Peer 1: 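First the structure, which I've put down as structure tokens, then a few questions once you've had a look.
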Number of protein chains: 2
Amino acid sequence: MLIPFLALLAGAQAAPPPPAPPLPSDAIAADWRAIPDDEVMVVTLAGNRTVVIRLAPRFAPAHVANVRKLAQAHWWDGTSVYRVQENWVTQWGDETEKKVLPDTVTPSPAAEFDIPAFDAAQRLTRADAYSTGSGVTADGWPVATDGKAAWMPHCYGTVGVARDALPNTGSGSELFTPISGAARRLDRNYTIVGRIIEGMKYMSAMPRSDAAMGVYATAPERTGIVSVRLASEIPAAERPKFEYRSTDNARFAAYIKLREHPAPPTVGLGGIDICDLPLATRRVGAK
Amino acid sequence: MLIPFLALLAGAQAAPPPPAPPLPSDAIAADWRAIPDDEVMVVTLAGNRTVVIRLAPRFAPAHVANVRKLAQAHWWDGTSVYRVQENWVTQWGDETEKKVLPDTVTPSPAAEFDIPAFDAAQRLTRADAYSTGSGVTADGWPVATDGKAAWMPHCYGTVGVARDALPNTGSGSELFTPISGAARRLDRNYTIVGRIIEGMKYMSAMPRSDAAMGVYATAPERTGIVSVRLASEIPAAERPKFEYRSTDNARFAAYIKLREHPAPPTVGLGGIDICDLPLATRRVGAK
């Protein structure tokens, strides 16, 4: 570390430099909004590894309702991460696919692929399914559009509902997350219930299986799921709190514009990959 | 498995069904072309894990020339994979950044970000940097374009040249590969020398470091690099052989069209993510 020359010369404590003025792309305090406790789901894996999912009830209400009921019933406790396929997905739930669902869970809700009645006023400024102009987000979620429909894209860390060949065959009990960068072909074909906002590093770094579909061939390969809880059901004293950076403001728009048109010598592409949108979340308080 | 009813009834061995006629999207034998031995680079990691890189001399001749010289000098032997940053990259080479380069290596070649004189006749049919129409490939490589320039995109498994802040500061001795799906902002800013065609599962599943930039804080975290060799320098009897599926033919175009417009009930987006192009390679013969 360099010591300011004049301070050294005077032997005096230098006054701290004045804080840099905020940039147009900096968040202000009000941009950070609480994620409701019942939209935060805490997955505890063997080895005390915590994975936190932000649920998306606005985008997939029926499936998120199921997911909440499964968590409330402690249905996932004792299940496992049973599939890790290279360049594809990590998947978890009941590896036997035979565990009975709680009565409260709808076995096969209608698919929720597109965003129903997505408001064009929510600044879908660019009809491009793959890259984004400023503002193609909603409440901190990425939104893809072809100008006619709108949907959530399958990005790294997205949480999707596994299903059989036919569209309306997933309850939400078996979930997956893409662990590479090539899952967009699932868009509009699989229901998305949320995204991982903490602990993705555990899901992404699990050993890949060479067995068919990446399903672990033996039990010891699986990672046990100790528990899955909605934050709203965790005692208040231990309840984790999360916030997201809101995207419906000038600061975020300036941030995206900067990414689209970065300062030289960095070259921009005029847009950014919709899966590279800087959608920030943060844990409030100590872990 | 269901047994054909008539065969069961007759107690006879059913004749095997005739082979299905080829689809327009199926490769024919001639579509598989040899990757030249001096474009195949074999990285052997500790634990006998093999990672194979296809080099891209056509796209980055100066940097690939360096990479070949480093391999020929056995320069990487005894170096390591020293950086694994979640949702970003795995990086390898000399973690001290002090190992002297061979005399034959140019320390800082001019950046090779764009594809020089890329021939418009090579079927750049769609001016979209993020998704692709049929045929935006060359020799089995993905090519992105904005209608004016053309370049290789940073996809999962792409091999890029690490550098300092200024563009012309990478020799090719330190290499990285994106391990998530959000590296496109590196496009036109980093030189690409190839892509991983075998063993990506080893690079992608390494434990992430929480230290700054994902650089492992301690030596035991690193994965040792036993050797790096061009296939052309491996004795013929042990030399691995690879082929790629060529992309300049009607079969591949039909394959892409099928991905863009899949059969119902699957919904297509009218394009596919350029990083999801099905660019196949295969090892010829036993491993």
Side-chain angles (χ1 to χ4, degrees), chain A residues 84-87 111 113-114 128-132 144 146 149 151 153-158 165-168 178-189 196 199-210 214 259-260 262 264-278, chain B residues 84-87 111 113-114 128-132 144 146 149 151 153-158 165-168 178-189 196 199-210 214 259-260 262 264-278:
Chain A
V84 185
Q85 186 170 9
E86 169 55 16
N87 197 10
F113 301 154
D114 287 358
D128 183 332
Y130 289 95
S131 66
T132 179
D146 60 2
W151 64 90
H154 284 77
C155 301
Y156 182 85
T158 297
L166 290 174
N168 296 343
I179 54 171
S180 70
R184 295 295 307 280
R185 83 183 93 131
L186 301 179
D187 285 17
R188 309 189 73 185
N189 289 287
I196 293 177
M200 180 63 188
K201 67 178 178 180
Y202 301 123
M203 293 300 198
S204 63
M206 290 182 184
R208 277 53 174 164
S209 167
D210 291 329
R259 283 282 189 98
E260 291 174 336
T266 302
V267 174
L269 303 189
I272 55 175
D273 186 333
I274 197 167
C275 284
D276 196 16
L277 275 170
Chain B
V84 185
Q85 185 170 9
E86 170 55 16
N87 197 11
F113 301 154
D114 288 358
D128 183 334
Y130 290 95
S131 65
T132 180
D146 59 4
W151 63 90
H154 284 77
C155 302
Y156 182 85
T158 296
L166 290 174
N168 297 342
I179 54 171
S180 70
R184 295 296 308 279
R185 83 184 93 131
L186 301 180
D187 285 17
R188 309 189 72 186
N189 288 286
I196 293 176
M200 179 64 188
K201 66 179 180 180
Y202 302 122
M203 293 299 198
S204 63
M206 289 182 185
R208 277 54 173 163
S209 167
D210 291 328
R259 283 283 189 100
E260 291 174 335
T266 302
V267 174
L269 303 188
I272 56 174
D273 185 332
I274 196 167
C275 284
D276 196 15
L277 274 170

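In what follows, every chain begins at residue 1, and chains take the letters A, B, ... in the order their sequences are listed. In this text the structure is predicted, and so the values were computed from the model without any measurement.
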Peer 1: Could you have a look at B:Ala183, B:Ser180, B:Gly268 and say which one has the most heavy-atom pairs with chain A under 4.5 angstrom?
Peer 2: B:Ser180
Peer 1: Once side-chain contact (heavy atoms from CB on, under 4.5 Å) is applied, do any residues pair with A:Gln85, and if so which ones, sequence neighbours excluded?
Peer 2: A:Arg83, A:Trp88, A:Met213
Peer 1: Checking B:Asp210 against chain A: side chain, backbone, both or neither under 4.5 Å from a heavy atom?
Peer 2: side chain
Peer 1: Can you tell which part of A:Met206 gets under 4.5 Å to a heavy atom of chain B, answering side chain, backbone, both or neither?
Peer 2: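 The backbone, not the side chain.
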Peer 1: Specify the closest pair of heavy atoms between B:Ala205 and A:Pro207, including all atoms of both residues, with the distance to one decimal.
Peer 2: CB-CA, 4.4 Å
Peer 1: I'd like to check the side-chain contact (heavy atoms from CB on, under 4.5 Å) partners of B:Arg259; sequence neighbours left out, ordered by chain and number.
Peer 2: A:Arg185, B:Tyr255, B:Ile272, B:Asp276, B:Pro278
Peer 1: Which bit of A:Pro167 is near chain B, if near means a heavy-atom gap under 4.5 Å: side chain, backbone, both or neither?
Peer 2: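 Interface part for A:Pro167: side chain.
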Peer 1: Give me the atom names and distance for the closest heavy-atom approach of A:Ala182 to B:Cys275.
Peer 2: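 Heavy-atom minimum between the residues: CB-O, 3.9 Å.
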Peer 1: At their closest point, which heavy atom of A:Leu269 faces which heavy atom of B:Arg184, and how far apart are they?
Peer 2: CD1-O, 4.0 Å
Peer 1: For residues A:Tyr156 and B:Asn87, report the shortest heavy-atom separation together with the two atoms involved.
Peer 2: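 Nearest pair, atom of A:Tyr156 first, then B:Asn87: CD2-OD1, 3.3 Å.
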Peer 1: Can you see which heavy atom on A:Glu86 is nearest to which on B:Met200, and at what distance?
Peer 2: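 Where A:Glu86 meets B:Met200 most closely, the heavy atoms are OE2-CG, 3.3 Å.
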